[in-house]
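Hydrogens, waters and symmetry mates play no part in the numbers below; they use all other heavy atoms, side chains included. In this text the structure is predicted, and so the values were computed from the model without any measurement. Residue indices begin at 1 and follow the sequence shown.
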Amino acid sequence: MASTPPTNEAFLREVDEELRRDRMVGVWKRWGRWIVAGVIAALALLAGGIWWNNHRDAQAGVEGEQLATALEDLSSGKQAGLEPKFRALAASKSDGTRAAAALTLADMAMVKGDLRGAARQFGAIAADASLDKPYRDLALIRQTAAEYDTLPPAQVVARLKPLAMPGNPWFGTAGELTGIAYMRMNQPQLAAALFKALAADPGVPETIRSRVVQLAGILGVDAIPQRARAIR
């Protein structure tokens, strides 16, 4: 996860070569880590917000402090002994604390390369009707990312299409994964239209907007927003 990102030129050359060979699955295996990194960043922001709201509104006390400390340790790379702490917090009666801890445990499994175990954990969170929709939506995206290489592209689209809509808080990540699935389904027009919408949405993270502009270009579509073109 800490390797140096490829340059735009190298990205275009490598992806274009893969597309000519009709191997978009290979593209995901090579570049998917950067998509996953964006989702992990979103998880960190969500987890922080969960703790703050929980602490402010419910004064979660000991559990809130434990969660904040564990998340701080995780973000600083101090992972030793953290899993038991998150497992204990995942049994909390507070939905916010429980969701944050469970999502973090699943993410830790994914980072370790246990994609099957991570997908199982994310799937359980996504199916937990007692949790608020934002937690379940994030879990569904993470489950799909963990299973991406084994899922038929049509299933990826079916799962994420409701989230891959402008205005949805997960539009960036869900839209990017859905667009790549359209490419794998040999539906370049749908992929390009989605990439253009992502590139034009200021609410989408810059890293995602940069990638989808490049992917749209490979499909022969100029997705650079007018405002960015004017600056140039």
Open item on the list: Before you tell me yes or no, could you show the steps for Tyr182 and Val157 under side-chain contact (heavy atoms from CB on, under 4.5 Å), namely the whole-Å CA-CA distance, both residues' side-chain angles and the distance that decides it to 0.1 Å?
Closed with: CA-CA 8 Å; Tyr182 279 139; Val157 172; 3.7 Å; yes
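- In terms of heavy-atom proximity, Ala90 sits nearest to Ala102 at CB-N, 4.2 Å.
- Across all their heavy atoms, Phe122 and Leu103 have their closest contact at CE2-O, 3.9 Å.
- Heavy atoms only, all atoms of each residue included: Ser92 and Arg98 are closest at O-CD, 3.5 Å.
- We find that Arg211 and Glu206 are not joined by a salt bridge, their nearest charged nitrogen and carboxylate oxygen being 4.0 Å or further apart.
- Minimum interatomic distance between Met165 and Lys161 (heavy atoms only, all atoms of both residues): CG-O, 3.4 Å.
- Distance check: Gln121 CD to Arg142 CZ gives 11.5 Å after rounding to the nearest 0.5 Å.
- Residue Val221 is not grouped with residue Leu198 when hydrophobic side chains (ILVMFWY) are merged at heavy-atom distances under 4.5 angstrom, including chains of intermediate members.
- At least one donor-acceptor pair under 3.5 Å links the side chain of Arg209 to the backbone N or O of Val204.
- Of the possible donor and acceptor atoms, one in the side chain of Thr104 sits under 3.5 Å from a partner among the backbone N and O of Ala100.
- Under the 3.5 Å distance criterion, the side-chain polar atoms of Asp132 are left unmatched by any main-chain donor or acceptor of Pro134.
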TODO: Just do the side-chain contact (heavy atoms from CB on, under 4.5 Å) check on Phe171 and Leu194 with the steps written out, would you?
DONE: CA-CA 10 Å; Phe171 177 44; Leu194 187 50; 3.9 Å; yes
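- Using a 4.5 Å cut-off between side-chain heavy atoms of Ile, Leu, Val, Met, Phe, Trp and Tyr, with links allowed through other members, Ile218 and Leu190 fall into the same hydrophobic cluster.
- One hydrophobic cluster, built from ILVMFWY side chains closer than 4.5 Å, holds both Met185 and Leu215.
- Closest approach of Leu151 and Arg184 over heavy atoms only: O-NH2, 3.6 Å.
- Transitive grouping of hydrophobic side chains (ILVMFWY, heavy atoms separated by less than 4.5 Å) brings Leu160 and Leu115 into a common cluster.
- Remark: side-chain polar atoms of Tyr148 are not paired, donor with acceptor, to backbone N or O of Gln143 under 3.5 angstrom.
- From Leu163, atom CG reaches atom OG1 of Thr173 across 10.0 Å, with rounding to the nearest 0.5 Å.
- Between the side chain of Thr150 and the main chain of Glu147, a donor-acceptor pair closer than 3.5 Å is present.
- Separating the CD1 atom in Ile125 from the CG atom in Asp137 is a distance of 12.5 Å, to the nearest 0.5 Å.
- Side-chain N/O atoms of Thr144 and Arg159 include a donor and acceptor closer than 3.5 Å.
- Gln155 CD: more than 12 foreign heavy atoms inside a 6.0 Å radius.
- With rounding to the nearest 0.5 Å, the separation of CH2 in Trp170 from CD1 in Ile141 is 6.0 Å.
- Asp95 and Leu131 get closest at one heavy-atom pair: O-CD2, 3.8 Å.
- The CD atom of Glu63 sits 9.0 Å away from the CG atom of Leu67 when rounded to the nearest 0.5 Å.
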Open item on the list: Please determine whether side-chain contact (heavy atoms from CB on, under 4.5 Å) holds for the pair Glu83 and Met108, giving the CA-CA distance in whole Å, both sets of side-chain angles, and the decisive distance to 0.1 Å.
Closed with: CA-CA 8 Å; Glu83 283 195 30; Met108 291 172 72; 3.6 Å; yes
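- Under a 3.5 Å cut-off, the side chain of Gln187 and the backbone N or O of Met183 do not form any donor-acceptor pair.
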TODO: Kindly indicate, with the supporting measurements, whether the criterion side-chain contact (heavy atoms from CB on, under 4.5 Å) is fulfilled by Gln66 and Thr69.
DONE: CA-CA 5 Å; Gln66 289 175 341; Thr69 300; 5.9 Å; no
